[in-house]
Amino acid sequence: MTAVPAARRIVIVGGGTAGWMAAAAFGRLLGPAGIRVTLIESDDIPTIGVGEATIPPIRTFHAMLGIEEDAFLRATGGSYKLGIRFEGWTRPGEAYVHPFGQIGTDIAGIPFAAQWLRVRQSGAAGQLDRYSLEARAAESGRFSRPIANGDSPLSRIGYAYHFDAGRYATFLRGQAEAHGVVRREGLVDSVEHAAGQIDAVRLADGSRIAGDLFVDCSGFRALLIEGALQSGWTDWAEWLPCDRAVAVASVADAAPLPLTRAIAERAGWRWRIPLQHRTGNGYVFSSRHLSEDEATATLIAGLEGDALAEPRTIRFATGHRNRFWSGNCIALGLAAGFMEPLESTSIHLVQSGLQHLLKMLPLGSHPAPAIVDRYNRVMTAEFVRIRDFLVAHYHLNARTEPFWRERAAAAIPEGLAEKLGLFRAGGRIFREADELFNETSWLALLTGQHAPVAGHDPICDAVPLDAATNRLAQIERVVAASLAHMPPHTDALARLNANRPG
Ligand code: FAD
């Protein structure tokens with residue numbers, strides 16, 4: 001038997017969402033090239049078990065893996081998601097939706113955002129939600145996949161999913177194993193490394209698993225990237241001070257909305273994620289401002305159906321590894337870093353890390369420093385831009401509780417200060433390079449949170465105010481007409497199960 005050549009053995013440590021996403025991607029894309037992929041997970045260390053709301057790019061990841069949507073949604077008890085509704089983030093009683101997809105359309109070649117802001121200043125524009133098919137459908141419990149007709153807003157529907165995290169890992173495991181990934185059950189209890197390179201991991205049963213490239217998906221433990229290689233940690237508690245979540249599942253809604261809810265509370269916020277078989281609930285909070293008991297009581301009081309288990313508390317730190325990639329080890333998932341799930345970005349960051357990695361895959365077990373440096377730079381920038389988006393939700397609030405007053409008064413990161421400054425000066429929004437959140441997302445956030453804005457972009461005046469106002473009214477009518485063609489979300493879910501293969 002010939003030996004496997006160098007750089008052809010990838011070892012993944014951890015079998016949570018991150019580990020199995022990596023395994024499924026490597027198995028499918030690198031398996032045919034003869035690269036051997038082994039995943040080690042311990043039955044004694046549970047996965048985090050939350051992480052159930054996603055954003056639209058996940059559909060690209062699934063397409064890359066050849067995952068069939070219906071089969072995936074059936075296997076994971078999944079539902080569709082058209083956006084996130086933020087409730088009480090500015091002040092109690094107010095709400096807005098951050099919808100997926102596009103809001104409105106350009107007006108005479110001028111971006112919708114600029115024209116809407118201008119017409120709004122004249123008092124003649126409706127709430128932003130009225131120009132977004134996804135926002136209206138989400139609130140009214142309707143869903144359809146995009147249709148083939150290229151002109152209708154129904155052809156551009158932006159959507160993602162909610163799913164059961166445990167079932168998702170199992171589903172991906174099936175995909176990975178079908179492509180030759182080998183799963184090893186066992187507890188990693190030491191890491192053999194020298195000069196910043198990992199040679200092998202040793203399991204508690206004494207076996208040794210050697211590799212050329214190691215992927216640390218061991219969750220908050222970060223066994224390889226931190227435990228062995230001490231890559232360092234950048235802490236963001238200063239910007240995002242929530243450090244605990246208490247989570248519990250409750251009985252499923254009869255008619256789940258295709259929408260994640262993020263409900264502001266005294267010292268943080270609650271999530272509500274409707275699946276087919278249950279609803280996920282949690283309260284993300286700052287332990288400086290609220291005890292675990294108080295958070296649990298609020299969570300339980302806010303449930304809209306009976307709890308299905310005892311609530312459990314998850315402690316976390318917000319920030320990221322100084323080096324996501326160090327030597328021949330790359331961290332993904334919670335081992336790489338964490339930001340609270342306010343905009344459902346963690347699973348996306350796993351996907352994004354994988355996609356960058358697949359473009360930069362090292363040809364040897366000693367990757368070129370230029371590749372490693374680029375990966376680290378790109379991932380750091382991605383984390384930073386998402387962080388700024390999250391911080392804006394906290395900064396722009398008019399709530400009265402001490403936690404919220406502290407957040408409104410706290411210093412904000414430079415990048416966010418610049419974004420707010422540009423918006424204030426005529427409603428300008430610029431997307432930075434490959435930033436995850438586009439102009440539409442920033443528009444929904446900044447206007448939903450009442451970010452101050454003065455004047456409007458003078459380019460709008462190329463279109464008479466009356467004409468822009470009429471065009472907005474027309475867009476609103478097209479959205480309403482399109483909405484009427486969308487069936488209830490429950491029909492879409494029922495169809496999944498009706499179409500179940502024999
Ligand atoms: P884990 O799930 O913790 O898996 C770690 C794995 O490592 C396990 O398989 C374990 O057995 C293994 N392991 C650990 N130590 C050893 C060892 N010594 N030997 C062998 N194996 C070992 N993300 C979203 O995108 N959307 C959300 O809505 C969302 N909500 C969240 C809510 C909360 C409160 C939290 C904390 C996170 C949330 N996330 C969310 C993030 C999401 O859960 C994670 O990004 C995702 O699940 C990836 O986790 P992981 O695989 O990195 O880690």
Side-chain angles (χ1 to χ4, degrees), residues 11-23 38-58 61 81 84 160-166 168-170 172-173 183-191 201-205 207 209 215-228 242-248 260-262 268-273 275 280-285 295 299 311-318 320-321 331-354 386 436:
V11 177
I12 301 167
V13 174
T17 304
W20 285 114
M21 282 175 76
T38 305
L39 182 144
I40 307 165
E41 65 177 324
S42 166
D43 288 344
D44 296 332
I45 302 181
T47 61
I48 195 88
V50 282
E52 311 196 311
T54 60
I55 52 177
I58 194 165
F61 181 68
K81 171 178 172 186
I84 306 174
Y161 316 107
H162 303 120
F163 54 66
D164 181 312
Y168 187 53
T170 306
L172 291 178
R173 175 180 165 185
R183 173 184 183 267
R184 285 287 304 265
E185 197 286 318
L187 187 75
V188 173
D189 74 356
S190 65
V191 181
V201 291
R202 280 202 182 271
L203 305 189
D205 66 6
S207 51
I209 298 173
V215 186
D216 187 349
C217 297
S218 63
F220 287 133
R221 286 178 174 77
L223 284 180
L224 279 57
I225 197 79
E226 196 61 55
C242 288
D243 56 357
R244 300 271 194 288
V246 49
V248 71
T260 303
R261 287 173 63 194
W269 60 280
R270 275 189 299 127
W271 77 75
R272 194 166 193 285
I273 299 176
L275 308 180
N281 307 273
Y283 185 173
V284 173
F285 63 99
L299 178 67
R312 65 190 180 95
T313 302
I314 301 157
R315 296 174 176 218
F316 59 80
T318 298
H320 66 89
R321 299 284 154 222
L332 291 173
L334 301 172
F338 182 65
M339 287 178 276
E340 58 182 78
L342 188 53
E343 290 279 355
S344 318
T345 44
S346 288
I347 293 170
H348 174 74
L349 283 165
V350 176
Q351 168 184 348
S352 172
L354 276 168
I386 291 173
L436 172 61

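Note that ligands are numbered from 1 as they come in the structure, with each ligand's atoms numbered from 1 the same way. The chain is numbered in sequence order, starting from 1.
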Per [atom], closest listed option by heavy atom ([options]):
atom: atom 50 (P) of ligand 1; options: Ala204, Gly337, Gly19, Ala18; result: Ala18
atom: atom 6 (C) of ligand 1; options: Ala22, Ser190, Gly333, Cys217; result: Cys217
atom: atom 19 (N) of ligand 1; options: Val50, Leu334, Val188; result: Val188
atom: atom 2 (O) of ligand 1; options: Ile48, Leu342, Val284, Ile40; result: Ile48
atom: atom 34 (C) of ligand 1; options: Ala169, Ala165, Ala245; result: Ala245

Polar side chain donor-acceptor pair, Arg184 to Ser207, under 3.5 angstrom: yes
Residues His348 and Thr54: side-chain donor-acceptor under 3.5 angstrom: no
[X] N/O under 3.5 Å from ligand 1 N/O:
X: Leu187; answer: no
X: Phe338; answer: no
X: Thr17; answer: yes

Within reach of ligand 1, part of Ser42 (heavy-atom separation under 4.0 Å): both
Min heavy-atom dist Gly280 to ligand 1 below 4.0 Å: no
